[in-house]
Structure formats: C-alpha cells, structure tokens
Amino acid sequence: MIDPRLLRDDPDAVRTSLRRRGESPDKVDALVAADAARRSAIAQFEALRAEQKQIGRQVAQASGDEKTALLERTKALSAQVKEADAEQARASEEFDGLLRSLPNLVAPEAPEGGEDDFTVLDVVGTPRDFAAEGFTPRDHLEIGQLLGAIDIERGAKVSGSRFYYLTGVGAMLELALVQLAMSTAQKWGFTPMIPPALVRSRAMEGTGFLGQAADDVYHLEKDDLYLVGTSEVPLAAYHSDEILDASSLPRRYAAFSPCYRREAGSHGKDTRGIFRVHWFDKVEMFTYTTLEESYAEHERLLGWEREWLDALELPYRVIDVATGDLGSSAIRKFDCEAWVPTQERYREVSSTSNCTEYQARRLDIRVRGTASDGGGSTGPAATLNGTLCAMTRTIVALFENGQQADGSVALPKALHPFLGPVLKPVA
RNA sequence: GGAGAUGUCGCAUAGUGGCCUAGUGCGCCCGCCUGCUAAGCGGGUUGAGGUUUAAACCUCUCGCGGGUUCAAAUCCCGCCAUCUCCGCCA
C-alpha cells in the first residue's frame, strides 16, 4: 500500500496516478473521508481510555464510600470505552481495507496507456531468416516432439489442458537451465533459495496478488493455502514483520520454485504447446533495498536479465510496460521479449518490477538506520523482483530459434557443458 | 493424527488481578572518571498510532485473536509457533 500520509498531503497525486492506470480516481475521496473518521474515532477512544486508567488507579487506593462512588463512575465509563474501542477498530479496518485496495503509484517515466502502448527500449540480435536458409521453421511443440522432449497429450490426459510432461532431453534441459541460472545468480551476489510454493493468505495478500489478480490464483480451500504463481510471493514474505539493518542492504535472493497460474481470462490464448501453462518452474531474482536505491536496482535487475538472454544467444527486445498493464504492486515494469519465429513476434520471457514500498508496507518489512536521518528511525523497505529464467518459455525460445532443417536444435555455448552442442531428433 | 510442555524489551530472566508507568542482568549508545586497556560511575535503549509549528503529552503493544472484570502480562476460550514423546511417512 501507499503511504497513508500522502492521502492527506497530496491527494491529487494519488488521483493522477489512478487516472494514468486507467482507473477511476473516485475512491480517493472515500479514502480521505475514511481517514478523517478513523482519526477522530481514535482520538475519542484514547481520551476515554486515559480517563478510565486514571480512575482505575484511584480505585485501587480508595475504600468505603469513596470506592463505591468511583466504581459507579468507572462502570459507566467501561461501557463507553468498549464502544469507542469497537468504533475505532471498525473505522481503522475500513480505512485499511480501502488503502489496501489501492494500487501503487505509477512512475512518471512509465508510458501511459494499455497493453499495446509500451515503449520499445532496445532490440538485441537479429531474428533468423528461415526463407533464406531454405526451410520453414517448426514450432516449439513440433520440435519438442521430434526430440522426445515434450509430451503434451499425456499432460492433458493426466492433468488437463495446459499441462505437459518434459521428457528425456526436455527434462535434462530444464535441469541444466536451473543449474546454470542458480549458479550464475549466485555469482552475481544473490543468495540461492528454494522457497515453499504453498503460502498463507497473508503472503499472497501482502504481495498484491489477491486484488485484481485473485482469479488467477489457485486456492486450497480445505487448508486455506495458496499455490504461488511466482516465488516473488514467498521471497517478499520471507522478511515480513522484520526490521532489516540498513547496512545489510541490498539483500538479493534467487529462488527456484514451481509457479501455478489458473490463467483465468486467457481462454483460447496460446493454446498450443507449453507457452502458456498452468504450471511451470522458474528462477526468480528478488531484492530488498531502500526506496532511494530502488530505481538503480531496477536497472540492475534488467541488466542481469539481459545478460542471461545474451548468454542464451536469443534475439530479444526490451519494453517499458505501459501504466494500464502494470500489476497493482509495481510503479514501473520492464519486460524482455524473445523472438518466436513461428509467431513472427516478440513474446515475454522475463519481467522486472519495482514495487517500491508497496509490498513492504503490507508485509511490515522495515529498515532501520536509513541514511536520511542519521540512522535512528525505521521506515518501510523497498522490494523489486525480476525473472531470471522461466523454464517453459525459455525452452520455447531455445527450440524455435536454435532449430535446424533436420529438426535438431543447436544450443547456446553456455549450455554445452550440460547437454553438448546439439539436441537431435530421437527417431 | 494422539499426549504433554512452553511463548515477557536485541539476548537471558523476574513478574499468580490494582504497588507494572513491565523490574533486573547482559549487550548496545551517550557522557564522566582514567598514562593506555579493563573496571567503575551517571544517563539512554521494543515497536506502532494519535494530538501538534514545535516541545511535549496521550493511547496501544508481554506469540495472535476473542472473553470475564471497574481494572488483565496475570483468569477463561480459540488459533499460531516451538520443544519432548507416541503413531504414520518421503
């Protein structure tokens, strides 16, 4: 959530941000009113409570008629305090609920508009000219079947649509990517992590996934646990309710985990192969830092994502995602999109978001000793996340871009130590 | 899954209904003293919220949430976590 003080000091900034996201700014008025109601309820409760405590101390020392009289007064007061406390709690809860439903402010630099209004920041590499090479490219599923790497029919038989088995070299390719990604991230200074993929609602809500994205989340009702759609969730919640020493920042974690997504609302989209699935594995980067440092860290995360794609020798472009297409936690988001030859377009393979203090406020993650005030006080941390390697989409890109006329796939040098230079059709 | 125990300030502990405005020790911070170091002496040291120009004051916070009571760290109920034992299990 955003800084509640901003609602009092500069509500127009909040309205402007909502408008830029394509949302109605109306709820700002309700928030300002709820804030005023909350504060007045708190003041009322505290005044009554102070009186109750004062008289309570007198009761302990009094005796006889004096005590009876005091008890008379404080008995009535007790009911009033209880009532005021309930009202204060109700008003605070209402304000908190409204505040949590508000998305993060958007960065002024983020381009305004919807899904198609992104800005292209860079284009790297050149898509191959298959016509010049004299053959028509096969799509990733066809290649995966030739290599014995992907079994989509049995995935559907066992688990339904959008499920798959990685088999043979497919399974080994994923493990190679995981191993390479984790060790590379460790070299960059990230702490390797394998986090839980089932989390409580606190973690899910705190990272901002139970708002507009709630339909995309799997929920295990019997246990009230959620399957994470990204390890951003357990990584953000890792330090919840903690105060981090400023000198320990930035803290960088790289996590390998499965990711589960209901893909509600994407019926009929990307139905072929393993491009859009209900489950995939991913290595995710995550940083805890300060607000001031978050902007530079966002650029660094993008830099590492690019370095990874460079190492995989994939052609890609980088886009600055438009305000209307940002998640509720993010103020700005950069996507890396790899070229997919059979679709003749760039498709998202990684994404990095600066969530500033939004998640940290919800999860109560604070920093002690920020530079701005000599080191004594605490303030919310800033969190950022970025994909290092989403397995299925990376496999799609590697297969399609590396394919050769005979159905084999030439691998980037970085993967040679694991799998050799070429994956060959099985039969 | 069953039985039992435990949860107090960074750490260790005291606290069995009003003297708790949570004490003490350690650690940490500031100062004094001191050839140096150590010791010693004095003060400070959970976090959040509210009133406010400020200073200051007030409220909440003893794992979390309810309840009893004029009054709860303390009594009752539920939950969470940890530990020990039994069962099951990769």
Side-chain angles (χ1 to χ4, degrees), chain A residues 1-9 31-100 194-206 220-226 234 237-249 251 257-258 357-371 373-381:
Chain A
M1 53 200 170
I2 65 164
D3 185 349
R5 209 161 292 273
L6 193 64
L7 284 165
R8 278 182 248 170
D9 297 345
L31 263 160
V32 171
D35 186 32
R38 163 185 149 265
R39 280 151 58 209
S40 113
I42 287 172
Q44 195 164 353
F45 161 73
E46 288 183 356
L48 286 167
R49 177 70 176 146
E51 191 185 348
Q52 183 189 36
K53 283 176 71 170
Q54 200 201 338
I55 298 178
R57 277 193 287 271
Q58 294 171 23
V59 168
Q61 284 151 20
S63 59
D65 287 349
E66 194 190 357
K67 186 159 186 168
T68 316
L70 282 170
L71 282 178
E72 194 88 0
R73 273 172 64 196
T74 197
K75 213 165 228 174
L77 201 52
S78 175
Q80 283 179 282
V81 166
K82 195 167 276 188
E83 204 173 306
D85 188 22
E87 173 55 22
Q88 170 262 124
R90 194 203 58 75
S92 295
E93 205 171 309
E94 181 178 334
F95 175 70
D96 190 61
L98 283 170
L99 189 64
R100 279 175 183 270
I194 299 184
L198 267 67
V199 298
R200 292 199 177 145
S201 62
R202 170 97 196 283
M204 215 66 196
E205 201 277 332
L220 302 180
E221 217 165 292
K222 199 169 177 184
D223 301 284
D224 197 19
L225 288 170
Y226 295 82
Y238 186 64
H239 285 302
S240 53
D241 301 321
E242 292 182 27
I243 300 176
L244 307 174
D245 201 296
S247 64
S248 73
L249 301 178
R251 284 176 190 248
S257 84
E357 300 174 344
Y358 188 83
Q359 296 176 330
R361 281 183 192 279
R362 294 168 155 247
L363 291 166
D364 199 15
I365 304 160
R366 285 163 291 167
V367 177
R368 191 196 308 281
T370 44
D373 73 342
S377 69
T378 61

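Just so it is clear, the structure is predicted and the values come from calculations on it, not from any experiment. Letters A, B, ... mirror the listed sequences (proteins, then strands); counts begin at 1. As a basis for the values below, the full set of heavy atoms in this structure was taken, side chains included, without hydrogen atoms, waters or symmetry mates.
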Side chains of [X] and [Y]: does their closest heavy-atom pair fall under 4.5 Å?
X: Ile2(A); Y: Arg361(A); answer: no
X: His239(A); Y: Arg251(A); answer: yes
X: Gln80(A); Y: Glu51(A); answer: no
X: Leu198(A); Y: Tyr226(A); answer: no
X: Asp96(A); Y: Arg38(A); answer: no
X: Asp35(A); Y: Pro4(A); answer: no

[N] phosphate, OP1 or OP2: any side-chain N/O from [X] under 4.0 angstrom?
X: Gln52(A); N: A71(B); answer: yes
X: Ser92(A); N: G50(B); answer: no
X: Arg368(A); N: G47(B); answer: yes
X: Ser78(A); N: A71(B); answer: yes
X: Arg39(A); N: G49(B); answer: no

Inter-nucleotide [atom1] distance ([N], [M]), Å rounded:
N: A14(B); M: G7(B); atom1: C1'; answer: 16 Å
N: U21(B); M: U34(B); atom1: C1'; answer: 37 Å
N: G50(B); M: C36(B); atom1: P; answer: 49 Å
N: A48(B); M: C62(B); atom1: P; answer: 16 Å
N: A81(B); M: C64(B); atom1: P; answer: 15 Å
N: G42(B); M: U24(B); atom1: P; answer: 12 Å
N: G47(B); M: C9(B); atom1: P; answer: 13 Å
N: A22(B); M: C80(B); atom1: C1'; answer: 24 Å

Which nucleotide, in any strand shown, forms a Watson-Crick or G-U wobble pair with [N], with both distances under 3.5 Å?
N: U74(B); value: none
N: C33(B); value: none
N: G87(B); value: none
N: A56(B); value: U51(B)
N: A38(B); value: none
N: A12(B); value: U24(B)
N: U6(B); value: A81(B)

What's the [atom1]-[atom2] distance between [X] and [N], to the nearest Å?
X: Asp85(A); N: A71(B); atom1: CG; atom2: C1'; result: 15 Å
X: Lys82(A); N: A71(B); atom1: NZ; atom2: P; result: 7 Å
X: Glu242(A); N: G47(B); atom1: CD; atom2: P; result: 15 Å
X: Arg90(A); N: G66(B); atom1: CZ; atom2: P; result: 16 Å
X: Ile365(A); N: A48(B); atom1: CD1; atom2: P; result: 14 Å
X: Asp364(A); N: A48(B); atom1: CG; atom2: P; result: 8 Å
X: Arg38(A); N: G49(B); atom1: CZ; atom2: P; result: 9 Å
X: Gln54(A); N: G18(B); atom1: CD; atom2: C1'; result: 15 Å

Closest approach of Leu48(A) to Ala84(A) (non-hydrogen atoms, all atoms of both residues): CD1-CB, 3.8 Å
Heavy-atom pair of closest approach, residues Leu7(A) and Val32(A):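 Taking every non-hydrogen atom into account, O-CG2, 3.8 Å.
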Protein proximity profile, nucleotides 75-83 of chain B - base contact B, sugar-phosphate-only contact S, no contact -, cut-off 4.0 Å on heavy atoms: -----SS--
Base versus backbone protein contacts along nucleotides 58-64 of chain B [heavy-atom cut-off under 4.0 Å; B, S, -]: BBS----
Determine whether a donor-acceptor pair (N or O, by modelled atom type, separation under 3.5 Å) exists between the side chain of [X] and the backbone of [Y].
X: Ser78(A); Y: Thr74(A); answer: no
X: Arg362(A); Y: Arg100(A); answer: yes
X: Arg202(A); Y: Leu363(A); answer: yes

Pairwise 5' ranking along RNA chain B for Ile243(A) and Arg5(A), keeping only the more 5' one: Ile243(A)
Derivation of the side chain to side chain contact (heavy atoms under 4.5 Å, CB included) call for Arg200(A) and Leu225(A): CA-CA 5 Å; Arg200(A) 292 199 177 145; Leu225(A) 288 170; 4.1 Å; yes
Sugar-phosphate only, base, or nothing, as touched by Arg361(A) at under 4.0 Å among non-hydrogen atoms: nothing
